[in-house]
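Reminder, nothing fancy here: chain letters follow the sequence lines and each chain counts from 1.
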Amino acid sequence: MQGKNGNIAIKIDRLYKSFGSLQVLKAISAEIAKGEVVALIGPSGCGKSTFLRCLNLLEKPTSGKIEINGQEITDPKINVNKIRQNVGMVFQHFHLFPHMSVLKNIMYAPVTVNNLPKQEAQEKAMALLKKVDLVDKADVFPAKLSGGQKQRVAIARSLAMEPDIMLFDEPTSALDPEMVKEVLDVMQAVSESGMTMAVVTHEMGFAKEVADRIFFLDRGKIAEDAPPDVFFSNPESPRAQQFLAKIL
Amino acid sequence: MQGKNGNIAIKIDRLYKSFGSLQVLKAISAEIAKGEVVALIGPSGCGKSTFLRCLNLLEKPTSGKIEINGQEITDPKINVNKIRQNVGMVFQHFHLFPHMSVLKNIMYAPVTVNNLPKQEAQEKAMALLKKVDLVDKADVFPAKLSGGQKQRVAIARSLAMEPDIMLFDEPTSALDPEMVKEVLDVMQAVSESGMTMAVVTHEMGFAKEVADRIFFLDRGKIAEDAPPDVFFSNPESPRAQQFLAKIL
Amino acid sequence: GCSNQETTATDEGDSAGASKTLVMATSPDYPPYEFFETAGGEGEPIGFDIDIAKYITEQLGYELEVSGMDFNGIIPALQSERADFAMAGMTPTEERKQNVDFSDIYYEAKNTIVTKKGAGFDGFKALKGKSVGVQLGATQQEAAQKASEEIGGFNIEPRNRISELIQEVKAGRIDAAVVEDTVAKGYIQNNPDLEFTTVENAEAAGSAIAFPQGSELTAEFNQVLEEMKANGEMEKLIQKWFEEYYEQQGQQ
Amino acid sequence: MNLNFVRMIDLHSCLFAQLNLDFSRITPSIPYIFGGIWVTLQFTLLSAIFGFIWGTILSLLKISSIKPLYWFGMAYTSIFRGTPLLVTLSLIYFATPQLTGYNISGFQAGVITFSLNSGAYISEVIRAGILAVDKGQTEAAMSLGVSYKPMMLDVILPQAIKNILPALVNESIALLKDSALVSTIGATDLLRRAQIVGAEKYVYFEPLLIVAVVYYLMVMSLTLSANLLEQRLRKSS
Amino acid sequence: MNLNFVRMIDLHSCLFAQLNLDFSRITPSIPYIFGGIWVTLQFTLLSAIFGFIWGTILSLLKISSIKPLYWFGMAYTSIFRGTPLLVTLSLIYFATPQLTGYNISGFQAGVITFSLNSGAYISEVIRAGILAVDKGQTEAAMSLGVSYKPMMLDVILPQAIKNILPALVNESIALLKDSALVSTIGATDLLRRAQIVGAEKYVYFEPLLIVAVVYYLMVMSLTLSANLLEQRLRKSS
Ligand SMILES: Nc1ncnc2c1ncn2[C@@H]1O[C@H](COP(=O)(O)OP(=O)(O)OP(=O)(O)O)[C@@H](O)[C@H]1O
Ligand SMILES: Nc1ncnc2c1ncn2[C@@H]1O[C@H](COP(=O)(O)OP(=O)(O)OP(=O)(O)O)[C@@H](O)[C@H]1O
Ligand SMILES: NC(=[NH2+])NCCC[C@H](N)C(=O)O
Ligand SMILES: [Mg+2]
Ligand SMILES: [Mg+2]
């Protein structure tokens, strides 16, 4: 259960989440090490998004404890915005700010939240655009970008806050097939820079290749927690076996 | 170029289609034999949907000739509804009639268009529901179905008109990954019953296994027309090579 | 083709069976001439003019139907033959005579100025520079206009209904309203904060019945009016509405 | 009882004191005023029914492919949407006798004007409801070989109704409120009765206040039923 | 020229003949009537501006988490949406002097009533505009650690404006049309001037027809600019 360097980035202890009478997450406990990449997979509606959204408090857990870098974020007295600055999130539908240019999208949070001088923020944004290979799109508005380009900008926007942890919720499922790879490549590069990542994905190739561990969620529980080679070649639970049979 | 039994089901001759000043299809010519299954693949926006929609006159071709079973459907004096009864279509987003039960969805066109007695139409619909393995959902409304179930009903609805040809426009891309297979299985069964099929798809597995031929469309033209084994192992055009490199 | 239908619904159309109904246009904001008795829940038009109209139509063998509207709509109603005659304490002026026909005058009244108690306006002269309310389309509007020209100007504020005018005076939005004495009396009695003074007016404000131009009713009505004056019926009604009515009001 | 509350009551009675409200004088006339509820409701109902029929016809004209019908529908809508109701009302009230020789009453002129006017609005509602049905539905029906008429009747209209119904109730609410305009042409609706009582009893404000409350209650009950309807429709889909 | 067309002309002249239109009598008064254009426009403009300011405040109350503010905003909106404008107008016109001792003019009472009234509608428009912005935008901003105020000002409101602007123009059009109601409380706007001229000259129909046309032209030009605006907004996104 120890990650790449022995330190715990995320510790989850008996996490419950309900929407009204619907119990979506049931007693989830897990640890994710610093620098580790975890792929979350499972059937539709099993609670993957909800789980991810609890990690940056976009959903308020019903009960249970979440620690990030040793700090308990489920503490009601916590400054939620401070926590979120440290946990980046990339959405299926990008959610770029449509009325800001690509550059402004990336600069916005550092300038507004961290009071970074504009000059500095712009330099940083340009560096990030270089990383996601979109330097030439700096002054373009999001509407003019392809899906893959939008998602790469969204990743750069998250990285601009220099988070310790990045969450991805199906970052490639809204993309045309030809654009999937360019996004996955960027994500792989991010993971190689040592980022702790939790990725909800249906891209089994990516899960196999990049993830350090697979969480298979089923009806609100982690039904299986294993390294990819074990999980894909030899899934334990019958649900996982079923799921893989269908998907491959 | 000869299909399974030597008869031509669809013959397309220098088909052009423009939307305003945008030329989408450029001088497409092709023949599809009776009982043949053709997979249409190509990058987004290349004109796959437009091509398909010209075949049942949902789009009016700008110029060129289309013959179905030897009848020229591009003739302006043709009875469009008669043609369409003979060419079924399945859409990415199903388009079931939300205010009719599953059974009514399937019975509607035979009763309304062919004046089939209700009793008979219902028997036929139940037989089709059996084929797509949804007999127990006969009285349910579409909103209660999963995506995969919806698409199987949509296929049954099309089959109820006993068309000679079936068109599929990305029938699985709106589905959760676990539901893709159940739909592809039904499609394979339909193809095995000898139906002539044109299928726009991103499912390369299906294209490889079920299609007799691949049309690779690029910028409004058929850039490559080859059997699947040839196309996937040894694509000729550089565009197809590029496309396959990205997608796999 | 352009076939003109000159006939209106009120013409001979249905004279076969029951007696013909005459529609009377009036502006029921004008106690004691015409107003609504609403306490019963039905909303009966009553008043001096209504009683006269009832008497005349009865004598002549017509049914009577009263149609209420704003005063400035009465002449158009006659012109468009929406009504067969109009009684609304209406004064026959030269201008009006060019548009409608009038009967003989059946009652004379004078104009007054209604003001807040203690305002001290004793005539048009005192109103210079003030705002003066009148009913739109009424003779008081002309009278005020004339007075305004003579004395060098005040603002004329036309309103559709007398009741609005009184309310405006009470609100202090206008300084005075020009109203007939018989009518002003009722409003003063019911609003202790108001008072009125009779103005030194040149021409008297007599009331007559109005008809569409060329109407055959004019002569018939004049004849009955004559009879009423002769047989004391008119005096009885004057007694009823300009004496007894106010006594009753005072008791309430 | 806390102080704030006492002060509020104080303030209220102070406001009312300044208005010198005296309802006792008009108490006998309250049944007469309330009689106007029926007139107003009748008026609204008739206008809504005729408006709906006329609006349906207009909407068919406006999705028609026959150009003169289409243009007539569009021009008609534009005129009624572009002129104040109070102006149209007076015009129709005064023009009808001159044009047709028929001595239209204020009530009738009101029903006609409001039907003609709400027909214009309702036709837009129906047209929008039809256009809001997913284009995929049309395409699915067409690709099954279904022709125009059954497609409209069986597939499109039943779905359009759901978009249309709430808007229709809103249009009825607007009609109910606008109905107060007929008071200006002498129909004895709620508002007019308040004015009449005011003129008889020499009190102006109190009857107005009463009818304001009555209108509010009527509109609220319509609004509530509209919300219930919308909820039920949303549930059923 | 075909027969139908000839018959149409015939019918028209017949209609006008029956109306006995006679504009010559009111020609001298036409400048007086047109003077009302300025009154009507001024009235509409003032009401739109005050209504917008008041509507913005109300919409903030209505998305506020402080309960009394929220309830005030909701009750206020409900009252103004539930009462006919003509009734509110009379109430304010006659109550203000009694309540405040200030002798409000018809014009002022009109501006106040219409501002209060359109404030209620505009607050709904603004609120809906804010709610219509994709929830993903809020979530994206939140997950970057942006706090409420900059999120509203920099991310949500700029996007909401696009939804709001066309609705605001429509509200102004409604205001322009409703402005005819102030004729009932003696403000000398377009409609009132037509009535005054009618009463003076004993021609009722012609001045009404003239102002109907003037209103129509004013509304149409506003509508056209609204359409242009909407198109431009759609293009820019
Ligand atoms: N805000 C919400 N209110 C009510 N129910 C919700 C809400 N969000 C999610 N749910 C429900 O919680 C369950 C889990 O949803 P979640 O989105 O986490 O699933 P998922 O695994 O991400 O599915 P998918 O693969 O479809 O994205 C579902 O049944 C969903 O309907
Ligand atoms: N009705 C239309 N009007 C105008 N342009 C259209 C219309 N339909 C399609 N197009 C344009 O025609 C081109 C081809 O569209 P088409 O939908 O056929 O592509 P496609 O290959 O099916 O793409 P995808 O994989 O995204 O479905 C695109 O540029 C599209 O924007
Ligand atoms: N019912 C009325 N309001 N009548 C007002 C009549 C005023 C005046 N005598 C006139 O003839 O003009
Ligand atoms: Mg999800
Ligand atoms: Mg397509």
Side-chain angles (χ1 to χ4, degrees), chain C residues 1-8 27 69-82 93-100 116 130-131 133-142 145 155-161 163-175 177 193 210 212-213, chain E residues 3 6-22 25 32 86 89-109 181-189 191-209:
Chain C
C2 189
S3 69
N4 250 318
Q5 310 131 292
E6 276 300 304
T7 54
T8 64
S27 169
M69 57 192 70
D70 285 347
F71 187 76
N72 56 319
I74 289 178
I75 289 182
L78 291 175
Q79 287 176 318
S80 62
E81 305 198 15
R82 186 195 299 280
T93 63
E94 276 317 305
E95 271 262 71
R96 282 179 185 161
K97 281 182 188 160
Q98 286 166 19
N99 295 281
V100 293
K116 270 203 177 151
K130 305 284 178 191
S131 51
V134 294
Q135 184 169 33
L136 179 61
T139 45
Q140 284 78 12
Q141 195 179 3
E142 279 167 58
Q145 243 144 21
N155 285 332
I156 294 175
E157 293 279 343
R159 294 291 179 273
N160 284 8
R161 289 181 287 280
S163 44
E164 286 176 67
L165 277 180
I166 301 298
Q167 194 65 25
E168 299 275 47
V169 175
K170 289 183 70 165
R173 201 159 9 219
I174 54 182
D175 299 296
D193 51 337
Q213 273 181 334
Chain E
L3 203 76
V6 175
R7 277 180 55 193
M8 255 179 66
I9 291 185
D10 200 37
L11 190 74
H12 263 138
S13 52
C14 169
L15 283 181
F16 278 106
Q18 261 188 310
L19 270 170
N20 279 319
L21 288 190
D22 177 9
R25 284 190 63 182
Y32 174 69
L86 197 51
L89 189 63
S90 314
L91 276 177
I92 289 183
Y93 183 61
F94 288 110
T96 311
Q98 271 176 275
L99 279 176
T100 65
Y102 174 68
N103 292 333
I104 196 171
S105 74
F107 186 86
Q108 291 167 330
L181 296 188
V182 291
S183 64
T184 62
I185 53 169
T188 48
D189 72 324
L191 178 54
R192 186 62 179 175
R193 287 178 186 226
Q195 292 168 348
I196 289 175
V197 169
E200 183 195 5
K201 307 278 178 175
Y202 304 104
V203 282
Y204 215 82
F205 196 76
E206 290 83 345
L208 268 182
L209 204 61

### Query
In terms of heavy-atom proximity below 4.5 Å to chain C, should E:Thr184 be classed as side chain, backbone, both, or neither?
backbone
### Task
Enter the distance from C:Ile156:CD1 to C:Ile174:CD1 here, rounded to the nearest 0.5 Å.
11.5 Å
### Query
Heavy-atom distance under 4.5 Å to chain C: side chain of E:Ser90, backbone, both or neither?
neither
### Positive for side chain to side chain contact (heavy atoms under 4.5 Å, CB included) with C:Ser27, one of C:Asn160, C:Asn72, C:Ile74
C:Ile74
#### Entry: chain C contact via E:Ile104 - side chain, backbone, both or neither, heavy atoms under 4.5 Å
both
### Message
Any carboxylate oxygen within less than 4.0 angstrom of a Lys/Arg side-chain nitrogen, looking at C:Arg159 and C:Glu157?
### Response
yes
### Message
Going by side chain to side chain donor-acceptor pair (under 3.5 Å), name the residues that satisfy it together with C:Arg173, two or more places apart in sequence or in a different chain.
### Response
C:Glu168, E:Tyr93
### Task
List in chain and number order the residues that pass side chain to side chain donor-acceptor pair (under 3.5 Å) with C:Asn99, two or more places apart in sequence or in another chain; answer none if no residue qualifies.
C:Gln79
### Query
What part of C:Pro76 lies closer than 4.5 angstrom to a heavy atom of chain E: side chain, backbone, both or neither?
side chain
## Note on the structure
Applying a strict 4.5 Å limit to non-hydrogen atoms, the region of C:Arg161 in contact with chain E is neither
### Task
May I ask you to name which of C:Gly137, C:Gly172, C:Ala138 has the most heavy-atom pairs under 4.5 Å with chain E?
C:Gly172
